[in-house]
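Let me begin by presenting the structure, written as structure tokens, before commenting on it.
Predicted model only: the values in this text are computed from it and were never measured.
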Amino acid sequence: MASVKLKNVKKVYPNGYEAVKDFNLEIKDKEFIIFVGPSGCGKSTTLRMIAGLEDISSGDLLIDDVRVNDVEPKDRDIAMVFQNYALYPHMTVYDNMAFGLKIRKFKPEDIDKAVKEAAKILDLETLLDRKPAQLSGGQRQRVAMGRAIVRNPKVFLMDEPLSNLDAKLRVQMRSEISKLHHKLGTTIIYVTHDQTEAMTLGTRIIVMNNGIVQQCDTPMNLYNKPKNLFVASFIGSPQMNIIPCVAEKEDDRVVLRFVDHKFYLTKEKADKLIQGNYIGKKVLLGIRPEDLKTVKVSDSLISGKVNVYELLGAESCIYFDSHKINVTAKIPSIYDTKVDNDITLYLDEEKIHVFDQETEEVITN
């Protein structure tokens, strides 16, 4: 397997559009790296530059410390799994998986061994004689992965491989890919716009927006310690509540005032606002829906009128307005409320995030 380094990589198209801006990343051997972000953020373009399907405008791409900017895709020892499977419809599963090895002039016995080993790993042994039209979406995607596995490449690239599958199959295939990574010990670079996929699969996640890396971190750090408002809002479902406030000093505490509501900060968070000279200034409070509680866990509360109630089984999502700000809460379903009911919830003060209103950078992490 291999390490991959991107140093000051940029992609500028002939019309002047800068799709990727000064991208820096070091991927260690056997890591599972996820590029995540909204459509058009530059994640697939970055993946295609690593694959050699897009030219790099400036910067360096190194695989195992060898610069490969000008190396042909076929010579980079990389295998790519595409969103649309890209299987040959007239070939059997066996022939689809074997095709890449055949054109590289591998011995028939080596091809047979590699295909059968990959088929065993992916539970495709009974499907080797079928053609793609006879397979389900999940089976086709496993064949596409098998075709990549047989090549035993240094790096696997996966471009939104599960986006064409239904919700149940996506969950199943996420598990398959995770097991595959552990079994093969491969370096995988995976692109998705689905933050649930990113959180469940990646050892590290790169959150991108407008061609810029917003944060590169572990899933838990992205969730608990977002560096800015974009990352905080993008990671987590439902997304984080953002409430405009004014930071004020009240006796020996710092409070964030939102109309007639007061939210209290822990001493550690309060000290950061004081040190940053934010007292008397407008800031943005962030609180995740699951960190709003039906029982009194603090002196910080928010109230409003319920607009939408969604039963999700053990949990419910409550959507309500508080002084024209939309607020979402994820609470236990045993809490009984209905549309148009008044609701009061308490903030877990340990889980409050505070952002600079102008720069949108986090203040309290």
Side-chain angles (χ1 to χ4, degrees), residues 1-2 4 29-30 32-34 44 47-48 50-53 63 71-192 197 201:
M1 298 306 131
V4 179
D29 185 25
K30 300 182 183 179
F32 197 136
I33 293 290
I34 308 271
S44 288
L47 194 79
R48 289 173 65 83
I50 295 170
L53 302 176
I63 297 176
V71 175
E72 288 292 316
K74 65 182 177 62
D75 298 322
R76 293 190 183 192
D77 202 6
I78 278 174
M80 192 155 179
V81 179
F82 294 93
Q83 179 179 345
N84 62 358
Y85 319 135
L87 301 178
Y88 296 107
H90 63 287
M91 290 185 185
T92 64
V93 168
Y94 184 100
D95 289 335
N96 264 287
M97 290 169 66
F99 185 72
L101 301 183
K102 285 179 180 175
I103 62 173
R104 286 171 176 78
K105 311 293 187 190
F106 276 63
K107 294 177 182 177
E109 58 270 27
D110 292 338
I111 293 173
D112 189 64
K113 183 182 176 185
V115 170
K116 286 179 177 172
E117 281 180 359
K120 186 175 182 180
I121 290 169
L122 294 163
D123 196 23
L124 292 170
E125 291 170 292
T126 61
L127 305 175
L128 291 174
D129 294 330
R130 295 193 190 180
K131 291 186 176 176
Q134 299 169 292
L135 305 176
S136 68
Q139 289 167 337
R140 289 179 203 175
Q141 193 55 275
R142 292 212 301 275
V143 174
M145 288 177 190
R147 185 176 53 194
I149 289 168
V150 296
R151 288 181 50 199
N152 193 28
K154 287 183 176 178
V155 184
F156 284 91
L157 306 181
M158 298 188 181
D159 190 5
E160 305 209 32
L162 308 185
S163 59
N164 287 340
L165 305 181
D166 62 44
K168 185 179 178 183
L169 263 179
R170 275 203 304 274
V171 173
Q172 183 185 329
M173 286 303 297
R174 279 207 307 265
S175 173
E176 296 288 336
I177 291 169
S178 185
K179 284 191 285 187
L180 191 64
H181 177 242
H182 288 294
K183 201 174 285 185
L184 300 178
T186 53
T187 303
I188 297 178
I189 306 172
Y190 186 108
V191 162
T192 181
E197 251 173 62
L201 284 174

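Of the possible polar contacts, one joining the Thr187 side chain to the Ala2 backbone as a donor-acceptor pair under 3.5 Å is found. A donor-acceptor pair is defined here as one N or O able to donate and one able to accept, closer than 3.5 Å; such a pair exists between the side chain of Arg76 and the backbone of Val71.
Taken to the nearest 0.5 Å, the CD atom of Glu176 stands 5.5 Å off from the CZ atom of Arg142. Taking CG from Leu47 and CG from Asp159, the interatomic distance works out to 5.5 Å, rounded to the nearest 0.5 Å. With rounding to the nearest 0.5 Å, the separation of CG in Leu53 from OG in Ser44 is 11.0 Å. Here Ile177 contributes atom CD1 and Phe156 contributes atom CZ; the two are 11.0 Å apart, rounded to the nearest 0.5 Å. If you take OG on Ser163 and CD on Glu197, they are separated by 8.0 Å, rounding to the nearest 0.5 Å. Within the model, atoms CD1 of Ile189 and CG of Leu157 stand 5.5 Å from one another, a figure rounded to the nearest 0.5 Å.
Residues passing the side-chain contact (heavy atoms from CB on, under 4.5 Å) test with Leu180, sequence neighbours excluded: Ile121, Leu122, Met145, Ile149, Leu184. In this structure, the ring pair (Phe, Tyr, Trp, His ring centres under 6.0 Å) partners of Phe32, at least two apart in sequence or on a different chain, are His181, Tyr190. Residues that satisfy the side-chain contact (heavy atoms from CB on, under 4.5 Å) test with Lys168, not counting sequence neighbours, are Asp166. Arg140 pairs by the salt bridge (charged side-chain N to carboxylate O under 4.0 Å, His left out) definition with nothing, not counting sequence neighbours. Legend: residues meeting side-chain contact (heavy atoms from CB on, under 4.5 Å) with Arg151, ordered by chain and number and at least two apart, are Ala79, Leu101, Arg104, Pro153. In this structure Gln141 satisfies the side chain to side chain donor-acceptor pair (under 3.5 Å) test with no other residue, sequence neighbours excluded. Shown here are the ring pair (Phe, Tyr, Trp, His ring centres under 6.0 Å) partners of Phe82, two or more places apart in sequence or in another chain: there are none. Not counting sequence neighbours, the partners of Lys102 by the side chain to side chain donor-acceptor pair (under 3.5 Å) test are Asp95. Partners of Lys179 according to the salt bridge (charged side-chain N to carboxylate O under 4.0 Å, His left out) rule, which considers only residues two or more places apart in sequence or in another chain, do not exist here. Every residue meeting the side chain to side chain donor-acceptor pair (under 3.5 Å) condition with Arg174, not counting sequence neighbours, appears here in chain and number order: Thr200.
The two residues Leu169 and Gly138 have their closest heavy-atom pair at CD1-N, 3.7 Å. Nearest heavy atoms, Pro132 versus Asn96: CG-ND2, 3.9 Å. Across Ala114 and Val150, no two heavy atoms sit closer than the pair O-CG1, 3.5 Å.
Residue pairs meeting the salt bridge (Lys or Arg N to Asp or Glu O under 4.0 Å) criterion with at least one member in residues 108-119, sequence neighbours excluded, are Asp112-Lys116. Applying the side-chain hydrogen bond (donor to acceptor under 3.5 Å, both in side chains) test to pairs two or more places apart or on separate chains, those with a residue in residues 122-137 are Ser136-Gln139.
Taking 4.5 Å as the limit, some side-chain heavy atom of Ile34 sits within range of a side-chain heavy atom of Leu201.
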For Ile188 and Ile33: C-alpha separation, side-chain torsions, deciding distance, then whether side chain to side chain contact (heavy atoms under 4.5 Å, CB included) applies. CA-CA 6 Å; Ile188 297 178; Ile33 293 290; over 6 Å; no
Give the intermediate values and the outcome of side-chain hydrogen bond (donor to acceptor under 3.5 Å, both in side chains) for residues Thr192 and Glu160. CA-CA 5 Å; Thr192 181; Glu160 305 209 32; 5.2 Å; no
